[in-house]
Number of protein chains: 2
Amino acid sequence: MYKPATIKDIALALKLSPSTVSRALRDGYEISVETKRIVMEYAQKVNYKSNPIALSLKNRRTYSIGIVVPKLANSFFSQAIAGIESIAYEKGYHTIITQTHDSSERERTNVNHLAQRSVDGLLISMSAGTSDYSFLKTLHEDGLPIVFFDRVIDEIDTFKVTSDNFKGAYNATESLIKKGRKKIALLSNAPQLSITNERLSGYMKALADYHVHFRPEYIRNCSKGGNDYEEVEDAVKELLALPDKPDAIFISSDRISISCVRALKHLNFDPKEIAIAGFSNSDVVDLLHPSLSYVRQKAFEMGQIAVEMLLKLIESKYPVTEFETRVLDTELHLVDPK
Amino acid sequence: MYKPATIKDIALALKLSPSTVSRALRDGYEISVETKRIVMEYAQKVNYKSNPIALSLKNRRTYSIGIVVPKLANSFFSQAIAGIESIAYEKGYHTIITQTHDSSERERTNVNHLAQRSVDGLLISMSAGTSDYSFLKTLHEDGLPIVFFDRVIDEIDTFKVTSDNFKGAYNATESLIKKGRKKIALLSNAPQLSITNERLSGYMKALADYHVHFRPEYIRNCSKGGNDYEEVEDAVKELLALPDKPDAIFISSDRISISCVRALKHLNFDPKEIAIAGFSNSDVVDLLHPSLSYVRQKAFEMGQIAVEMLLKLIESKYPVTEFETRVLDTELHLVDPK
DNA sequence: TTGAAAGCGCTAACAC
DNA sequence: GTGTTAGCGCTTTCAA
């Protein structure tokens, strides 16, 4: 293992004290111009880099923030992360990204790992399986700054950013109705998730507003959140095997939208027969066949806002007690099946 | 910010010395069972967690490895990362993921950031734009363990894992020939990349073996690697505007494959008219329209192998001088356009 | 303007 | 079996 130059090394070489070198390097006002010059030059020469670990130990700050998402392969999250990074880097923070694969278990270990590694704060979008939030609550009460994005929870009072899931779902459902569809099924995500219920409400409200009969048998929950294709295909099969089968499906989750498209393709369904609309931030959703209308979330922007909130918490000199929840608009993209 | 319990706190409370507490906590053999019990219990009670920053400072080990990839949104990389994590977590290592967006500039800052944060080693897949490897060379010579995967470079002698890009490209091109196509264009990635040339060779060899005339005007490089859609669409347009226009395209890059599909869709090309085959690890490639045959890389496995190599380097007691380059098979998936 | 010394949390010689 | 001390790299009083 290699050993980078330290302040001590420089001090020794230059016959100065470590403290002088330290001050010179940080351009301290007490140090003479001449000394600074000498120190800087030598530091340059030996390629001195301050050791952030030592700094962290001293300052109890790491200038890194932890990100916990269910799945990197989900475009929504990789877009959100890009947004987070864009701001974080600018402000001199490093990001540590971890994924949970929607496992509550991995979520807990990842979060603890991050907290122990002393990130200055945490950005998290909850896993589908999680119902016990105590590990987060404890950390939060201990003073770890946390901001939730997209998949938020009520149990912890802090900054949050989400999409207007209600309206997104409403608009998508409405678009199906306006296409003349009256028998609209719902493929939904794990019921623990905040977003699942909001989207369900939007769907229901649209049905009600347009006097479309609501049928409980048209609702299917895919509690594995589209991570398990079989689950989605089974749900689609069941829907299409109903005596009075739906003529449209609204899918309230990113990954499940993709799985539903795949299921319809496998089952050889004509998109004209079954119209679909769903949440999706996939960057190829416009190329899918069967095609679908889709609700897009402002993922990048959500990431940016989340990290700005977190930095506010981290950098605040006094404990923050006023928390805001931002709700971002969604965009509906209509696609006519060919 | 909150202040977690330290060894000192425990020592003070229990009227023991810090070293005794330290040893007791790590179940040191010299410590009496009784003392251990007392210490353990008290530690439990105050929720003692060892401070990894202090440990890192002491041990010059962080048990974290840095990952540098061009783009998380690229399925190939998110799959590789999943592979990396699967092994890393198991062995008690933490991963720090960063993306460069194929910018040489961000690559350099990310790598330096990671090296400074004292990761124990680095897994890297090079950005398309990079041609100056000196920053990596320096770190490597200074003793930082580095393993390259997928997009490797010759300039640094260490462990590497890639796919059999030559054969993948050969097989894909061959499949187009076997479909009766004789005018096969090539959409290619940035020429600096190792994989670009290997795939080019595979394409050329297939043409040669089947006595298909090679035409330089059928080759187009998209040096932005599919990050810039316009570039790809222009390339496709140019190809299709040639007097003797191609009847097939082989695309030698993941992201460009997607962009090419999009271009063909925009330009309203019938997949029967232009057959396409390309590298892609997208998890929805089978749902794309126009459809394409695709070469899939063993991304997850590649990640696993890469991290295993890295751990070998990290945990080796002696400097390693024998390096291996593993080459993984690719899988060709044939799709008939409808 | 510069230096000496203490301390962040932990471990490991070396005592006793 | 337990305590003392020094040190990882850095900053920061305090003293000179």
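This one's a predicted model, so the numbers in the text were calculated from it and none came from an experiment. Reminder, nothing fancy here: chain letters follow the sequence lines and each chain counts from 1.
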S.K.: For the side chain of A/Lys58, counting heavy atoms from C-beta on, which of C/dC8, C/dT11, C/dT1 is nearest?
M.R.: C/dC8
S.K.: Looking at the side chain of B/Leu16, which of D/dG3, D/dG9, C/dC10 is the nearest nucleotide?
M.R.: D/dG3
S.K.: Given atom CG of A/Asp27 and atom C1' of C/dT1, what is their separation to the nearest angstrom?
M.R.: 15 Å
S.K.: Would you call the rings of B/His113 and A/His94 parallel, tilted or perpendicular if under 30° counts as parallel and over 60° as perpendicular?
M.R.: tilted
S.K.: Looking at B/Tyr63, I'd like to know if the NZ or CZ of B/Arg61 sits under 6.0 Å from its six-membered ring centre while staying within 45 degrees of the ring's axis.
M.R.: yes
S.K.: Would you kindly check whether a donor in the side chain of B/Ser22 faces an acceptor in the base of C/dA12, or vice versa, at under 3.5 angstrom?
M.R.: no
S.K.: Whole-Å distance between C/dG3 C1' and A/Leu14 CG?
M.R.: 15 Å
S.K.: Rounding to a whole Å, what distance do you find between A/Lys15:NZ and C/dA4:P?
M.R.: 13 Å
S.K.: How long is the line joining CG of A/Leu25 and P of D/dG9, in whole Å?
M.R.: 15 Å
S.K.: In whole angstrom, what separates A/Leu55's CG from D/dG9's C1'?
M.R.: 8 Å
S.K.: Does a side-chain N or O of A/Ser50 approach OP1 or OP2 of D/dG9 to a distance below 4.0 Å, or not?
M.R.: no
S.K.: Do any side-chain nitrogens or oxygens of B/Thr20 fall under 4.0 Å of OP1 or OP2 in D/dT2?
M.R.: no
S.K.: Can you measure A/Lys8 atom NZ to D/dA6 atom C1' for me and round it to whole angstrom units?
M.R.: 10 Å
S.K.: Roughly how many Å is it from CG in B/Leu12 to P in C/dC10, rounded to a whole number?
M.R.: 14 Å
S.K.: What nucleotide among C/dT1, D/dC10, C/dT11 has an atom nearest to a side-chain atom of A/Ala54?
M.R.: D/dC10
S.K.: Test side-chain contact (heavy atoms from CB on, under 4.5 Å) on A/Asp150 and A/Met302 and set out the steps.
M.R.: CA-CA 8 Å; A/Asp150 190 45; A/Met302 191 184 288; 3.8 Å; yes
S.K.: Does C/dT2 have its OP1 or OP2 closer than 4.0 Å to a side-chain nitrogen or oxygen of A/Thr35?
M.R.: yes
S.K.: Is any side-chain nitrogen or oxygen of A/Tyr48 closer than 4.0 Å to OP1 or OP2 of D/dC10?
M.R.: yes
S.K.: Judged by atom type as modelled, is there a donor-acceptor pair below 3.5 Å linking the side chain of A/Ser125 to the main-chain atoms of A/Arg151?
M.R.: yes
S.K.: Closest approach to the side chain of B/Arg23, judged atom by atom: which nucleotide of D/dT11, C/dT2, D/dG3 is it?
M.R.: D/dG3
S.K.: Is it the case that the side chains of A/Ser22 and A/Arg26 hold a donor-acceptor pair, with the cut-off being a distance below 3.5 Å and no angle test?
M.R.: yes
S.K.: Counting side-chain heavy atoms from C-beta on, which of C/dG9, D/dT11, D/dT2 comes nearest to A/Leu57?
M.R.: C/dG9
S.K.: The side chain of A/Thr6 is closest to which nucleotide in this list: C/dT2, D/dC10, C/dC10?
M.R.: D/dC10
S.K.: Spell out yes or no: do the side chain of A/Ser19 and the base of C/dT2 have one donor N/O and one acceptor N/O closer than 3.5 Å?
M.R.: no
S.K.: Would you mind classifying the nucleic acid contact of B/Ser56 as base, sugar-phosphate or nothing, using non-hydrogen atoms under 4.0 angstrom?
M.R.: nothing
S.K.: Salt bridge (Lys or Arg N to Asp or Glu O under 4.0 Å) between A/Lys36 and A/Asp27: does it pass, once the steps are laid out?
M.R.: CA-CA 7 Å; A/Lys36 275 184 193 165; A/Asp27 203 24; 3.1 Å; yes
S.K.: When you measure from the side chain of B/Ile7, which nucleotide among D/dT11, C/dC10, D/dG1 comes out closest?
M.R.: C/dC10
S.K.: Closer to the 5' end of DNA chain D via nearest nucleotide, is it A/Ala5 or B/Lys36?
M.R.: B/Lys36
S.K.: Starting at the 5' end of DNA chain C and moving along, which residue's nearest nucleotide shows up first, A/Pro18 or A/Val33?
M.R.: A/Val33
S.K.: Distance check needed: C/dC8 C1' versus A/Arg60 CZ, whole Å only.
M.R.: 7 Å
